[in-house]
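Below is one structure, written out as structure tokens; the observations come after it.
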Amino acid sequence: MTIRFIAASRLPTPWATFTMHGFEDEATGKDHIALTLGDVADGQPVLGRVHSECLTGDALFSMRCDCGYQLQEALKRIAEEGRGVLFYLRQEGRGIGLLNKIRAYHLQDQGADTVEANERLGFAADLRRYDLCVPMLEHLGIAALRLMTNNPRKVDALSQAGINVAERVPLTTGLNPHNEHYLSTKAGKLGHMMVLGDFTPVEETSNKQKP
Ligand SMILES: Nc1nc2c(ncn2[C@@H]2O[C@H](COP(=O)(O)OP(=O)(O)OP(=O)(O)O)[C@@H](O)[C@H]2O)c(=O)[nH]1
Ligand SMILES: [Zn+2]
């Protein structure tokens, strides 16, 4: 594994002031980040989120997916607990990259679902790797995670990479008219452990005319 710690700093957010740890993946040239709060190296399982980059959802307020909502909710829950970790992994578009994700969105605009769109572009449905968390967890001294996710394949992949996932904590937030079909496809085809009835819906503010 070629993940190298580079530097750490404070990161004030609306929910808490986290410590931001920056890592470099020498093999891919990607930068990854871990935000921590409290003492995460005390040996007790740590409330955690392993979040894959979604520029559109995390930074541009996209309602096509649930990523931005999950990111905010995870940070809020860690802040409420006073202790936790969020990994922000630069594997945009389930690993196909931003521009291919836009190509996939174009196909979805024409009726494909999120899995079919990836496949039509010649990609598997999900190309992400989670073993890159191992050196970051070791660096931070984290022994075990209480992982906020609905994705059982993420739990399996982390466990297979040798990470102790002590518990899965559901993270069902962000349901809206633009991502309802996407979330159904995740549950139906990608195996996410969630039903739409469990979700906290979000209100649209100024986009009511254009579903
Ligand atoms: N290729 C592709 N990637 C997408 C699409 N929508 C979101 N993503 C990416 O999917 C990743 C998030 O995956 P999700 O399946 O929502 O979440 P997860 O992390 O696997 O599961 P949770 O832990 O339950 O959130 C991010 O990298 C997004 O950029 C899409 O339609 N196509
Ligand atoms: Zn997203």
Side-chain angles (χ1 to χ4, degrees), residues 28 30-34 47-78 84-133 145-161 163 165 167-176 178-196 198-200 202:
T28 61
K30 297 267 185 188
D31 308 325
H32 305 289
I33 279 175
L47 181 64
R49 167 86 183 146
V50 174
H51 193 88
S52 298
E53 178 175 16
C54 176
L55 182 85
T56 46
D58 299 339
L60 300 176
F61 315 101
S62 171
M63 300 178 83
R64 288 191 80 124
C65 57
D66 52 345
C67 305
Y69 307 102
Q70 288 184 312
L71 178 61
Q72 285 203 26
E73 178 66 19
L75 291 175
K76 193 170 141 232
R77 286 199 205 167
I78 291 168
V85 62
L86 180 134
F87 292 98
Y88 194 86
L89 306 180
R90 310 299 296 281
Q91 11 192 30
E92 169 66 68
R94 297 198 299 270
I96 66 175
L98 178 61
L99 299 180
N100 284 321
K101 187 175 81 169
I102 297 173
R103 290 189 175 103
Y105 277 169
H106 177 68
L107 293 174
Q108 289 172 63
D109 288 343
Q110 296 172 328
D113 70 31
T114 182
V115 171
E116 292 162 351
N118 261 39
E119 288 168 352
R120 277 191 216 168
L121 292 171
F123 298 111
D126 194 340
L127 295 172
R128 285 174 292 176
R129 293 181 55 173
Y130 296 103
D131 53 348
L132 68 167
C133 293
L145 289 175
R146 287 165 44 228
L147 188 70
M148 291 182 273
T149 183
N150 309 313
N151 184 349
R153 294 195 294 180
K154 188 186 287 186
V155 176
D156 288 349
L158 287 169
S159 304
Q160 275 169 24
I163 296 163
V165 181
E167 184 188 345
R168 182 186 76 85
V169 180
L171 193 59
T172 46
T173 183
L175 174 66
N176 71 71
H178 303 281
N179 66 14
E180 202 174 327
H181 182 247
Y182 168 74
L183 293 176
S184 303
T185 306
K186 286 213 300 188
K189 284 196 172 178
L190 293 172
H192 284 56
M193 300 163 87
M194 57 198 195
V195 289
L196 297 192
D198 292 344
F199 273 74
T200 314
V202 290

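Whatever order the structure lists ligands and atoms in, that order sets their numbers, starting from 1. Keep in mind that the numbers below use all heavy atoms, side chains included, and drop hydrogens, waters and symmetry copies.
N150 N, 2.8 Å is the protein heavy atom nearest to atom 24 (O) of ligand 1. Closest protein heavy atom to atom 19 (O) of ligand 1: K154 NZ, 2.6 Å. The protein atom (non-hydrogen) at minimum distance from atom 30 (C) of ligand 1 is T114 OG1, 3.2 Å. Of the protein's non-hydrogen atoms, the one nearest atom 6 (N) of ligand 1 is Y182 OH, 3.2 Å. For atom 5 (C) of ligand 1, the closest non-hydrogen atom on the protein side is R94 NH1, 3.7 Å. For atom 12 (C) of ligand 1, the nearest protein heavy atom (residue, atom name, distance) is R128 NH1, 3.7 Å. Among all non-hydrogen protein atoms, the one lying nearest atom 26 (C) of ligand 1 is E53 O, 3.3 Å.
Looking at R90 and D31, their side chains come closer than 4.5 Å, going by heavy atoms from C-beta outward. For the pair R146 and R168, the minimum side-chain heavy-atom distance is 4.5 Å or more. Counting only heavy atoms from C-beta outward, the side chains of S184 and L196 approach each other to under 4.5 Å. Considering only heavy atoms from C-beta on, N179 stays 4.5 Å or farther from C65 through its side chain. Using a 4.5 Å cut-off on side-chain heavy atoms (C-beta onward), L99 and I102 make contact. Residues Q91 and I96 fail the side-chain proximity criterion, which asks for heavy atoms closer than 4.5 Å.
When non-hydrogen atoms are compared, ligand 1 lies under 4.0 Å from the side chain of I96 (C-beta onward) but not from its backbone. Within the 4.0 Å heavy-atom criterion, neither part of R153 lies near ligand 1. Only the side chain of N118 comes within 4.0 Å of ligand 1, judged by heavy-atom distances. Contacts between H192 and ligand 1 below 4.0 angstrom, taking non-hydrogen atoms only, involve the side chain exclusively. Residue contacts with ligand 1 for L190 are absent, since no atom lies close enough (heavy atoms, distance under 4.0 Å).
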- Task: Apply side chain to side chain contact (heavy atoms under 4.5 Å, CB included) to the pair E180 and N176, showing each step before the final yes or no.
- Result: CA-CA 6 Å; E180 202 174 327; N176 71 71; over 6 Å; no
- Message: Would R49 and L147 count as a side chain to side chain contact (heavy atoms under 4.5 Å, CB included) here? Give the steps.
- Response: CA-CA 6 Å; R49 167 86 183 146; L147 188 70; 5.9 Å; no
- Message: Run Y105 and R64 through side chain to side chain contact (heavy atoms under 4.5 Å, CB included) and show every step you take.
- Response: CA-CA 9 Å; Y105 277 169; R64 288 191 80 124; 3.5 Å; yes
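Checking N151, L183, T185 against atom 20 (O) of ligand 1, the nearest heavy atom belongs to N151. Across P170, A125, G93, C65, heavy-atom proximity to atom 2 (C) of ligand 1 is greatest for G93. The residue from N179, N100, T149 that puts a heavy atom closest to atom 22 (P) of ligand 1 is T149. In this comparison of R64, M148, K186, the heavy atom closest to atom 14 (P) of ligand 1 sits on K186.
Counting only distance, with no hydrogens or angles, the side chain of Q70 and the backbone of T172 share no donor-acceptor pair below 3.5 Å.
Taking 4.0 Å as the cut-off, H51 does not count as a neighbour of ligand 1 on heavy-atom distance. Judged by the shortest distance from any of its heavy atoms, Y105 lies inside the 4.0 Å radius around the atoms of ligand 1.
Scanning both residues, N150 and P152, for their nearest heavy atoms gives O-CD, 3.2 Å.
Taking every non-hydrogen atom of Q70 and a distance limit under 4.0 Å, the qualifying atoms of ligand 1 come out as 22 (P), 24 (O), 25 (O). Atoms of ligand 1 lying under 4.0 Å from any heavy atom of K101, numbered from 1 in the order shown and given with element: 3 (N), 4 (C), 29 (O). Atom numbering of ligand 1 starts at 1 in the shown order; those under 4.0 Å from a heavy atom of Q91 are 27 (O). Of all atoms in ligand 1, listed by their number and element, those nearer than 4.0 Å to a heavy atom of R49 are 19 (O), 22 (P), 23 (O), 25 (O).
Of the residues L158, I163, V155, the one that meets the side chain to side chain contact (heavy atoms under 4.5 Å, CB included) test with Y130 is L158.
Rounded to the nearest 10 degrees, the angle SG (C67) to the Zn ion (ligand 2) to SG (C65) equals 110°.
A donor-acceptor pair shorter than 3.5 Å can be found between the side chains of T114 and R94. Checking D66 against Y182 by side-chain atom types alone, no donor-acceptor pair falls below 3.5 Å.
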